[in-house]
**Q** 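I'd like to ask some things about the structure below.
Small disclaimer: the values here were computed from a predicted structure and weren't measured. Heavy atoms only: backbone and side chains are in, while hydrogens, waters and symmetry mates are out.
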Amino acid sequence: MRTLSPLPAAVLWDMDGTLIDTESYWMQAETDLVTSFGGTWTYDDCMLLVGSGLPNAAAVLQSRGVDMELDAIVSWLTDRVQLKINEHGLPWRPGARELLTAFAEAGVPMALVTMSIERMARQVADLIGAGTFDVIVAGDMVAQSKPHPEAYLLAASLLDVDPARCVAIEDSPTGLGAAIAAGTIAIHVPHEVDLPEADTHTRWPTLAERTLADFSALCSIRFDLLDEAAPATLDFEHTNSRATADNHEDATA
């Protein structure tokens with residue numbers, strides 16, 4: 001017998017390193033900029049900025065001898081990465097494109113939540129396909145960068161969903177910290193930096209071959225805990241917004 005299995009109220013996607021593999025583009029841009037001012041920029045230096053907000057990254061580059069204003073550094077780096085995307089297309093992370101399609105077909109709202117600036121986020125969203133993302137939250141649209149939860153809380157608010165019933169997918173420790181702090185069902189899919197699984201999040205080595213049933217299993221556990229903690233008489237407004245998958249077996253069976 002098939003039963004309805006809960007899916008997230010929304011899926012909140014990080015972009016760089018999670019949805020598309022652009023970290024190498026950022027690293028090359030950083031290296032080129034620092035060396036153009038006579039400095040040295042190593043792989044370890046690059047790793048310090050993975051998942052960081054661009055203003056924070058620009059300040060670090062300034063401290064390494066880049067004699068430019070912060071906004072100019074952000075613009076220069078973004079230009080270089082956007083040029084790479086224009087030249088080579090989207091470098092997809094394994095399984096990401098397939099899951100975008102599956103969630104879209106299931107009617108699950110999705111947000112792009114990135115610390116890249118809005119013009120790059122919209123470039124990527126347009127290349128993926130108009131209407132794939134219901135909401136875009138970019139680094140220049142929030143006051144606090146990841147690991148602060150502002151970006152994820154804003155995305156959930158714009159979608160009018162409870163962040164505790166949303167899945168957030170992240171590759172970096174900084175982004176994962178933001179997803180956890182926002183109260184989401186946080187999934188860590190490591191790329192440049194790996195972290196062990198913990199009570200605060202789930203670790204999946206890759207999104208390849210993951211299905212809606214895998215997400216349903218995570219949501220079932222979280223939703224049961226939330227419902228048990230809520231007063232019995234409370235009628236959750238988001239019940240109607242929770243998408244369900246009726247075309248696969250109960251993930252908890």
Side-chain angles (χ1 to χ4, degrees), residues 7-8 10-30 43 46-47 49-52 54 77-139 146 151-152 155 166-176 178-179 184-195 201-215 218 245:
L7 286 173
V11 179
L12 314 177
W13 289 90
D14 173 54
M15 188 172 76
D16 298 294
T18 299
L19 196 58
I20 55 174
D21 189 4
T22 47
E23 293 295 357
S24 63
Y25 295 171
W26 289 107
M27 291 178 181
Q28 187 61 57
E30 294 157 11
Y43 176 78
C46 291
M47 296 303 293
L49 303 188
V50 172
S52 179
L54 282 171
L77 294 174
T78 301
D79 287 345
R80 293 293 289 266
V81 175
Q82 286 194 271
L83 181 61
K84 287 282 190 180
I85 291 174
N86 282 332
E87 290 176 346
H88 304 292
L90 294 177
W92 288 97
R93 292 282 289 143
R97 178 161 41 182
E98 293 79 4
L99 281 171
L100 281 175
T101 299
F103 280 120
E105 291 177 349
V108 178
M110 290 188 285
L112 189 61
V113 185
T114 176
M115 291 298 95
S116 293
I117 62 177
E118 184 178 3
R119 64 179 164 94
M120 179 174 166
R122 294 201 177 277
Q123 175 198 24
V124 171
D126 288 344
L127 289 171
I128 290 173
T132 301
F133 298 104
D134 301 88
V135 164
I136 293 174
V137 176
K146 299 174 184 178
Y152 280 114
C166 296
V167 164
I169 308 174
E170 277 281 357
D171 71 299
S172 71
T174 302
L176 184 64
T184 69
I185 303 169
I187 300 175
H188 174 50
V189 183
H191 182 28
E192 295 291 348
V193 181
D194 199 357
L195 294 173
H201 66 276
T202 296
R203 178 189 177 277
W204 287 347
T206 177
L207 292 178
E209 300 184 3
R210 289 291 178 178
T211 68
L212 298 188
D214 295 308
F215 289 84
L218 290 178

**Q** Measure the shortest side-chain to side-chain distance between Thr22 and Pro91 over non-hydrogen atoms and say whether it is less than 4.5 angstrom.
**A**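 In short, these two side chains touch, coming nearer than 4.5 Å.
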**Q** For the OG atom of Ser172 and the CD atom of Glu23, what is their distance to the nearest 0.5 Å?
**A**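 Result: 7.5 Å between the selected atoms.
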**Q** Side-chain contact test, heavy atoms from C-beta onward, threshold under 4.5 Å: evaluate it for Val137 versus Tyr152 and give yes or no.
**A**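 No - every pair of side-chain heavy atoms lies 4.5 Å or more apart.
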**Q** Of all heavy-atom pairs between Ala125 and Ile136, which one has the smallest distance, and what is that distance?
**A**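 Distance-wise, the nearest heavy atoms are CB-CD1, 3.8 Å.
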**Q** Salt bridge or not between Arg93 and Asp16? Use side-chain N to carboxylate O under 4.0 Å.
**A**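 No, no charged N to carboxylate O under 4.0 Å.
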**Q** Quick check against the 3.5 Å criterion: does His188 have a side-chain atom that pairs as donor or acceptor with the backbone of Pro173?
**A**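 No; zero donor-acceptor contacts below 3.5 Å.
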**Q** Give a yes or no answer on whether the side chain of Asp134 reaches the backbone of Met110 with a donor-acceptor pair at less than 3.5 Å.
**A**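 Yes: the side chain of Asp134 pairs with the backbone of Met110.
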**Q** Any chance the side chains of Gln28 and Arg80 put a donor and an acceptor closer than 3.5 Å?
**A**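 Side-chain D/A pair, Gln28 to Arg80: absent.
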**Q** Going by heavy atoms in the side chains, are Phe215 and Val108 under 4.5 Å from each other?
**A**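 SC-SC contact between Phe215 and Val108 ruled out.
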**Q** How long is the gap from CD on Gln123 to CD1 on Ile128, to the nearest 0.5 Å?
**A**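 Between Gln123 CD and Ile128 CD1, I get 10.5 Å after rounding to 0.5 Å.
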**Q** Looking at CG of Leu83 and OG1 of Thr78, how far apart are the two atoms once the value is rounded to the nearest 0.5 Å?
**A**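 Answer rounded to 0.5 Å: 12.5 Å.
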**Q** On the 0 to 90° scale, with breaks at 30° and 60°, tag the His88-Tyr25 ring pair as parallel, tilted or perpendicular.
**A**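 Geometry flag for Tyr25 against His88: tilted rings.
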**Q** Nearest 0.5 angstrom please: Met27 CE to Met47 CE, how far?
**A**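 If we round to the nearest 0.5 Å, Met27:CE and Met47:CE are 5.0 Å apart.
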**Q** When you compare the side chain of Leu218 with that of Ile187, does any pair of heavy atoms fall below 4.5 Å?
**A**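 Sidechains of Leu218 and Ile187: in contact.
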**Q** Given side-chain contact (heavy atoms from CB on, under 4.5 Å), test Ser116 with Trp26 step by step and report yes or no.
**A** CA-CA 10 Å; Ser116 293; Trp26 289 107; 3.4 Å; yes
**Q** Are Val167 and Leu7 close enough that some pair of their side-chain heavy atoms sits under 4.5 Å apart?
**A**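 No. Closest side-chain heavy atoms not under 4.5 Å.
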**Q** Flag the pair Glu98 / Arg210 as yes when at least one side-chain heavy-atom distance between them is below 4.5 Å, and no otherwise.
**A**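 When only atoms from C-beta onward are counted, Arg210 and Glu98 do not touch, as no gap falls below 4.5 Å.
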**Q** Once rounded to the nearest 0.5 Å, what's the spacing between atom OG1 of Thr174 and atom CG of Leu49?
**A**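 Reported value, rounded in 0.5 Å steps: 9.5 Å.
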**Q** Shortest non-hydrogen contact from Ala111 to Phe133?
**A**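 In terms of heavy atoms, the two residues are closest at C-CD2, 3.7 Å.
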**Q** Answer yes when Glu170 and Lys146 have at least one side-chain N-carboxylate O distance shorter than 4.0 Å, and no when they do not.
**A**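 Salt bridge: yes.
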**Q** Are side-chain heavy atoms of His201 and Leu176 found at a separation under 4.5 Å?
**A**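 Sidechains of Leu176 and His201: in contact.
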**Q** In Å, rounded to the nearest 0.5 Å, how long is the span from CG of Asp14 to CG of Leu19?
**A**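 Spacing of CG (Asp14) from CG (Leu19) equals 8.0 Å.
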**Q** Apply side-chain contact (heavy atoms from CB on, under 4.5 Å) to residues Leu12 and Ile169 and explain how you reach the verdict.
**A** CA-CA 6 Å; Leu12 314 177; Ile169 308 174; over 6 Å; no
**Q** Examine distances only and state if a side-chain atom of Thr184 and a backbone atom of Ala179 form a donor-acceptor pair shorter than 3.5 Å.
**A**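 A pair under 3.5 Å: yes.
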**Q** Mind running side-chain contact (heavy atoms from CB on, under 4.5 Å) on Trp92 and Asp21 for me, showing each step along the way?
**A** CA-CA 6 Å; Trp92 288 97; Asp21 189 4; over 6 Å; no
**Q** A quick test of your reading: do over 12 heavy atoms of other residues, nucleotides or ligands sit less than 6.0 Å from CD of Glu87?
**A**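 Count over threshold, so yes.
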**Q** Without swapping roles, check the side chain of Thr18 against the backbone of Met15 for a donor-acceptor pair under 3.5 Å.
**A**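 Not at all, since once roles are kept as given, no pair shorter than 3.5 Å links the two residues.
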**Q** Can you check whether Leu100 reaches Trp13 side chain to side chain, under 4.5 Å on heavy atoms?
**A**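 Yes, side chains in contact.
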**Q** Please report the shortest heavy-atom distance between Leu207 and Pro94, naming the atom on each side.
**A**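 Looking at all heavy atoms of both residues, the closest pair is CB-O, 3.4 Å.
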**Q** Verify, without hydrogens or angle tests, whether Asp214 (side chain) and Thr211 (backbone) share a donor-acceptor contact under 3.5 angstrom.
**A**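 Side chain of Asp214 to backbone of Thr211, a donor-acceptor pair under 3.5 Å: yes, one is there.
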**Q** Please report the closest heavy-atom contact between Leu112 and Ala121, naming both atoms and the distance.
**A**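 Taking every non-hydrogen atom into account, CD2-O, 3.7 Å.
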**Q** Kindly determine whether Arg119 and Asp79 satisfy side-chain contact (heavy atoms from CB on, under 4.5 Å), including the steps that lead there.
**A** CA-CA 10 Å; Arg119 64 179 164 94; Asp79 287 345; 3.0 Å; yes
